[in-house]
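The chains referred to below are lettered A, B, ... by the order of the sequence lines, with proteins before strands, and numbering in each begins at 1.
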Amino acid sequence: MNAVEQIQNEVKQALHAAVLKTGLADEQDLPEIMLEAPKNKANGDYATNIAMQLTKLAKKPPRAIAEEILAQLDTAGTSIESVDIAGPGFMNIVLKKDYLGDVVKTVLSQGEAYGRTDTGANEKIQIEFVSANPTGDLHLGHARGASLGDALSNILDFAGYDVSREYYINDAGKQVENLARSVEARYFQQLGLDKDMPEDGYQGPDVIEIAKQLVEEHGDKFVHVSDEERYDFFRQYGLEVELGKLKQDLADFRVPFDVWFSETTLYEDGKIATALNKLRENGHVYEEDGATWFRSTDFGDDKDRVLIKNDGSYTYLTPDIAYHEDKLRRGFDTLINIWGADHHGYIPRMKAAIQALGYDRDTLEVEVAQMVQLYKDGEKFKMSKRTGKAVTLRELVELVGLDATRYFFAMRSGDSQMDFDLDLAVSKSNENPVYYAQYAHARISSILRAAGDQGFAASTEHVDLLTSEKEIELLKKIGDFPQLVGDAARLRAPHRITTYIQELAAAFHSFYNAEKVLDPENRELTEARIALITAARTTIANALKLIGVNAPERM
RNA sequence: GUCUCAGUAGCUCAGGGGAUAGAGCAACAGCCUCCUAAGCUGUAGGUCGCAGGUUCGAUUCCUGCCUGGGACGCCA
């Protein structure tokens with residue numbers, strides 16, 4: 001438990017005891033004491049609305065209740081300095097200032113681990129994201145999904161969950177057949193032979209690249225082999241190249257995965273048949289119009305879904321059900337999928353399937369990443385100049401820069417549609433929010449270098465000297481971090497970290513302009529301030545790391 | 001038509017049953033003989049889409065409506 005939580009518990013317990021002593025409520029119907037940090041600091045360090053919550057029970061006006069609680073409140077041995085009654089019945093609590101010194105000590109001793117908690121109690125969470133088909137480049141939407149998924153994974157891990165990150169490779173469906181046939185057509189065309197692209201073929205330059213490579217490595221060898229042999233080889237070859245690019249792009253985007261799960265293995269290991277049988281045994285499958293159906297309407301879906309088409313092949317859903325069963329068998333407590341908005345309607349049938357297999361439907365959580373729209377010069381920016389197609393992740397990063405791209409995606413809640421302002425993201429100026437946070441880190445680093453040169457070192461011995469308004473605000477902000485990570489994890493809300501980073505950086509910049517850190521005339525205060533800004537730097541760095549953004553020492 | 005996400009400052013978005021609704025950008029006025037001005041300070045800007053309901057209290061929760069995005073295949 002960190003310093004801030006400890007204080008909060010202490011205050012809550014004191015209030016809890018005081019309320020019981022008033023006799024206005026007993027243990028059973030006493031609501032949980034809520035503490036909030038008032039926006040206006042004139043209203044104390046914390047405020048509680050307990051008196052207002054008790055109006056119904058006590059049948060008295062809230063301010064009178066607050067008076068009674070206050071009369072019973074024993075602050076001895078706590079960090080409570082004073083308590084006021086204000087407004088409609090808030091109790092505003094002012095704390096003794098020295099407790100904040102512990103924040104600095106905690107951060108300095110924990111370092112890179114500051115903010116890490118055991119909130120998640122080692123709950124096993126699997127998080128599946130991106131999972132783009134290995135048939136072309138990752139585009140804008142995938143970039144957002146990758147960014148959200150990676151940040152959320154980092155946050156969950158930091159908050160004490162046991163996280164496994166997974167990418168589902170759709171390497172078995174029709175789209176792969178299409179890829180193979182497209183490669184084949186381009187291969188023949190490279191050799192000057194006539195071959196039509198398949199109807200839904202992949203027209204992109206990457207497929208032509210693959211064909212060129214094949215000709216370089218194998219010449220016209222595959223013109224002369226059997227159709228089957230050629231198909232198998234091209235399929236495998238095309239997949240390897242495309243998947244290799246996906247892995248590289250994601251690694252370059254600072255998005256690692258623990259598991260790359262191949263759809264093909266579901267066929268090879270008989271897991272699809274197993275899942276189908278289980279659904280059958282549980283009585284959720286029927287035959288109609290020559291197809292095999294899943295009665296998903298029994299579990300809240302709009303309509304029943306086809307599992308096996310009348311041509312004998314599976315729909316997309318079928319292996320996906322098997323995949324999710326496989327995940328569930330692996331013993332995760334929670335499965336989180338991050339899907340694009342275009343797959344939104346798919347949620348009820350997947351949850352239905354999980355329920356039909358005999359699991360709790362709420363084991364699966366789907367986080368939807370809403371659409372991203374690029375804007376440039378105030379207008380929608382759609383097409384890549386290079387390919388005329390949608391802008392790829394790689395192009396976006398080349399254009400905007402890695403840190404800015406990650407930061408911009410992390411700024412926004414995943415479930416709101418996003419306008420990505422290219423001009424703002426590209427600008428290397430004070431207009432760009434990403435530099436605001438990085439600059440705070442660089443600025444602190446710079447002071448620390450100067451401190452070293454002048455023979456100063458961080459010391460927590462006199463942190464009680466940190467009492468100015470700006471120092472207190474910075475300390476409080478730093479102290480908020482562990483709880484904030486927990487909130488972001490619980491709410492699956494990575495953007496809360498980014499909002500926090502802005503606030504923390506603001507608290508530092510404001511402090512910087514108000515107080516001079518290095519003062520040869522006052523060694524004790526200087527070394528306490530060095531400890532303070534070191535703690536601030538650590539916190540900024542830890543927070544930036546969660547969203548995949550670098551913390552530079554110089555800018 | 002059904003489902004879903006959103007509607008908050010000029011723009012892009014946070015927030016969220018409670019006190020005077022926030023940030024960034026844009027606008028305006030100030031601040032570098034001083035640790036990085038990619039910074040700070042201040043001013044201005046809002047019937048929190050509309051109408052009902054629940055509540056001591058709603059911008060927040062519920063219902064309906066309006067507007068915009070997305071989804072509604074034996075596609076993947």
Side-chain angles (χ1 to χ4, degrees), chain A residues 34 36 38-40 42-43 47 49 52-53 55-56 61-62 86-90 92 133 135 170 172-176 178 200 288-293 301-303 305-317 319-320 340-348 368 370-371 373 375 378 408 411-421 423-424 427-440 442-451 453-454 456 470 493 495-496 498-500 502-503 505-506 508-519 526 529-530 533 554-555:
Chain A
M34 303 293 283
E36 58 165 324
K39 290 162 208 148
N40 186 341
N43 290 325
N49 61 353
M52 284 130 91
Q53 291 191 316
T55 45
K56 200 156 229 176
F90 287 102
N92 292 335
N133 289 340
T135 54
N170 292 106
K174 200 173 195 172
Q175 73 282 358
V176 179
N178 251 326
D200 303 315
E288 197 174 286
D289 300 334
T292 301
W293 294 73
D301 197 6
D302 290 359
K303 51 186 86 165
R305 306 294 170 177
V306 172
L307 293 168
I308 306 175
K309 298 182 238 175
N310 58 19
D311 69 359
S313 65
Y314 297 130
T315 61
Y316 179 81
L317 178 65
D320 216 13
D342 52 339
H343 286 69
H344 203 149
Y346 195 75
I347 297 170
V368 174
Q370 295 292 338
M371 308 274 290
Q373 181 66 61
Y375 277 81
F408 268 63
M411 283 198 295
R412 303 289 181 236
S413 156
D415 54 23
S416 99
Q417 291 152 46
M418 177 177 178
D419 288 349
F420 193 116
D421 184 342
D423 303 306
L424 183 61
S427 80
K428 296 266 193 297
S429 74
N430 59 348
E431 293 166 24
N432 192 334
V434 66
Y435 298 114
Y436 186 77
Q438 290 190 318
Y439 184 55
R443 227 176 187 185
I444 295 171
S445 302
S446 168
I447 301 171
L448 293 179
R449 283 191 297 271
D453 294 345
Q454 295 173 33
F456 288 117
K470 301 297 184 187
H495 69 279
R496 287 188 177 235
T498 316
T499 307
Y500 171 77
Q502 287 293 316
E503 292 167 1
F508 166 72
H509 285 307
S510 183
F511 158 77
Y512 175 93
N513 275 273
E515 315 281 356
K516 182 141 166 111
V517 175
L518 304 177
D519 178 7
T526 294
R529 284 184 172 161
I530 292 172
I533 64 170
R554 295 172 201 272
M555 284 173 71

Report which part of the nucleic acid [X] touches: base, sugar-phosphate, or nothing (heavy-atom distance under 4.0 Å, all strands).
X	value
A:D289	base
A:Q417	base
A:N43	base
A:A47	base
A:A514	nothing
A:A451	nothing
A:M411	nothing
A:F420	nothing
A:T499	sugar-phosphate
A:N49	base

I'd like to know if A:D301 pairs up with A:R305 as an ion pair, taking the criterion as any Lys NZ or Arg NE/NH1/NH2 lying under 4.0 Å from an Asp or Glu carboxylate oxygen.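 Looking at A:D301 and A:R305, the cut-off is met.
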Any carboxylate oxygen within less than 4.0 angstrom of a Lys/Arg side-chain nitrogen, looking at A:R529 and A:E515?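 Here A:R529 pairs with A:E515 in a salt bridge, since their nearest N and O are under 4.0 Å apart.
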Quick one: does A:D342 reach the base of B:G70 with a side-chain donor-acceptor pair under 3.5 Å?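 Answer is no: no donor-acceptor pair is held.
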Could a donor-acceptor pair under 3.5 angstrom be found where the side chain of A:N92 meets the base of B:A19?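 Present.
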What's the gap between [N] and [M] when it is taken at their [atom1] atoms, as a whole Å value?
N	M	atom1	answer
B:A38	B:A26	P	14 Å
B:G24	B:U20	P	23 Å
B:U67	B:G10	P	23 Å

Between A:L317 and A:V306, what is the shortest heavy-atom contact and its length?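 Nearest heavy atoms, A:L317 then A:V306: CD2-O, 4.5 Å.
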Which residue, A:R412 or A:R496, contacts RNA chain B at a nucleotide closer to its 5' end, judged by nearest heavy atom?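 Result: A:R412.
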Quick check: on RNA chain B, is the nucleotide nearest A:I447 upstream (toward 5') of the one nearest A:F90, or the reverse? Name the residue that is more 5'.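 Nearest nucleotide further toward 5': that of A:F90.
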Under 6.0 Å from the six-membered ring centre of A:F508 and within 45° of its axis: does the NZ or CZ of A:R443 meet both?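 Ring-cation test returns no.
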Measure the acute angle between the ring planes of A:Y346 and A:H343, then classify it against the limits of 30° and 60° as parallel, tilted or perpendicular.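 Perpendicular, since the angle between the ring planes exceeds 60°.
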[N] phosphate, OP1 or OP2, under 4.0 Å from [X] side-chain N/O:
X	N	answer
A:H495	B:G15	yes
A:Y436	B:C40	yes
A:T292	B:C74	no
A:K309	B:C75	yes
A:K303	B:G73	yes
A:S510	B:U41	yes
A:R443	B:A37	yes

With a centroid cutoff of 5.5 Å and a plane-angle limit of 30°, would you call A:Y512 stacked on B:G39?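 Stacking is absent between B:G39 and A:Y512, given that the ring centres and planes do not meet under 5.5 Å and under 30°.
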Counting side-chain heavy atoms from C-beta on, which of B:G18, B:A76, B:C74 comes nearest to A:M52?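 Nearest nucleotide to the side chain: B:G18.
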Torsion-based syn/anti label for B:C34, 90° from 0 as limit: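 You should classify B:C34 as anti.
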